[in-house]
Amino acid sequence: MEFRNTGGTPARSGTITFATHIIGALGVDWATIRSSQPIPAPIAAGATRSQTYTVCLEPWRVPLGMRVETQDVSAVWE
């Protein structure tokens, strides 16, 4: 992911939240699991930083024939 600070002051901390959906074989959304990680801070004013995240779920949450999709991502800067 790429984080761009378009503000006039450094972003000192923050959190990114992933909403990973468990999708059944027929396309039914069975559950949403949220997980959070810190953003790569500090990010200077006008600067850009990149970070790679791995989103994991326990195998028992995804039965045979189902799949996972991270559909929603949100970030909170502090």
Side-chain angles (χ1 to χ4, degrees):
M1 302 210 63
E2 186 174 273
F3 297 90
R4 180 172 292 130
N5 182 355
T6 59
T9 59
R12 290 184 274 279
S13 65
T15 304
I16 185 165
T17 302
F18 301 94
T20 302
H21 297 257
I22 300 171
I23 311 294
L26 300 176
V28 175
D29 191 338
W30 289 95
T32 301
I33 308 298
R34 298 193 189 292
S35 57
S36 297
Q37 295 288 325
I39 64 167
I43 303 173
T48 301
R49 300 244 342 237
S50 293
Q51 178 73 33
T52 300
Y53 295 94
T54 300
V55 177
C56 298
L57 295 177
E58 298 88 353
W60 63 267
R61 291 187 183 268
V62 189
L64 189 61
M66 293 186 159
R67 67 183 192 280
V68 296
E69 294 179 7
T70 300
Q71 297 178 353
D72 307 303
V73 179
S74 62
V76 176
W77 302 83
E78 299 169 3

Nearest-0.5 Å distance, [atom1] of residue [X] to [atom2] of residue [Y]:
X	Y	atom1	atom2	answer
Thr17	Gln37	OG1	CD	9.5 Å
Met66	Leu57	CE	CG	12.5 Å
Gln71	Asp29	CD	CG	6.0 Å
His21	Ile33	NE2	CD1	10.0 Å

Which pair of heavy atoms, one from [X] and one from [Y], lies closest together, and at what distance?
X	Y	answer
Ala41	Ala11	CB-O, 3.8 Å
Thr54	Cys56	CG2-SG, 3.6 Å
Pro38	Tyr53	O-OH, 2.9 Å
Arg67	Gly24	NH1-O, 3.7 Å
Trp30	Ile23	CD1-C, 4.2 Å
Thr15	Ser36	CG2-CB, 3.6 Å

### Query
Considering the options Thr32, Val73, Asp72, Val68, which one meets the side-chain contact (heavy atoms from CB on, under 4.5 Å) requirement together with Thr20?
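Testing each of Thr32, Val73, Asp72, Val68 against Thr20, the sole residue satisfying side-chain contact (heavy atoms from CB on, under 4.5 Å) is Val68.
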
### Query
Sub-3.5 Å donor-acceptor pair from the side chain of Arg49 to the main-chain atoms of Asn5, do we have one?
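No, Arg49 side chain to Asn5 backbone: no donor-acceptor pair under 3.5 Å.
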
### Query
Is it true that atom CZ of Arg61 has more than 12 heavy atoms of other residues, nucleotides or ligands lying nearer than 6.0 Å?
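For Arg61, atom CZ is crowded (more than 12 foreign heavy atoms under 6.0 Å).
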
### Query
Can Val55 be reached from Ile22 by stepping across I, L, V, M, F, W or Y side chains whose heavy atoms are under 4.5 Å apart?
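The answer is no; the residues belong to distinct hydrophobic clusters.
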
### Message
Under 4.5 Å between side-chain heavy atoms, counting indirect links through other Ile/Leu/Val/Met/Phe/Trp/Tyr residues: same cluster for Ile39 and Met1 or not?
### Response
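Same cluster.
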
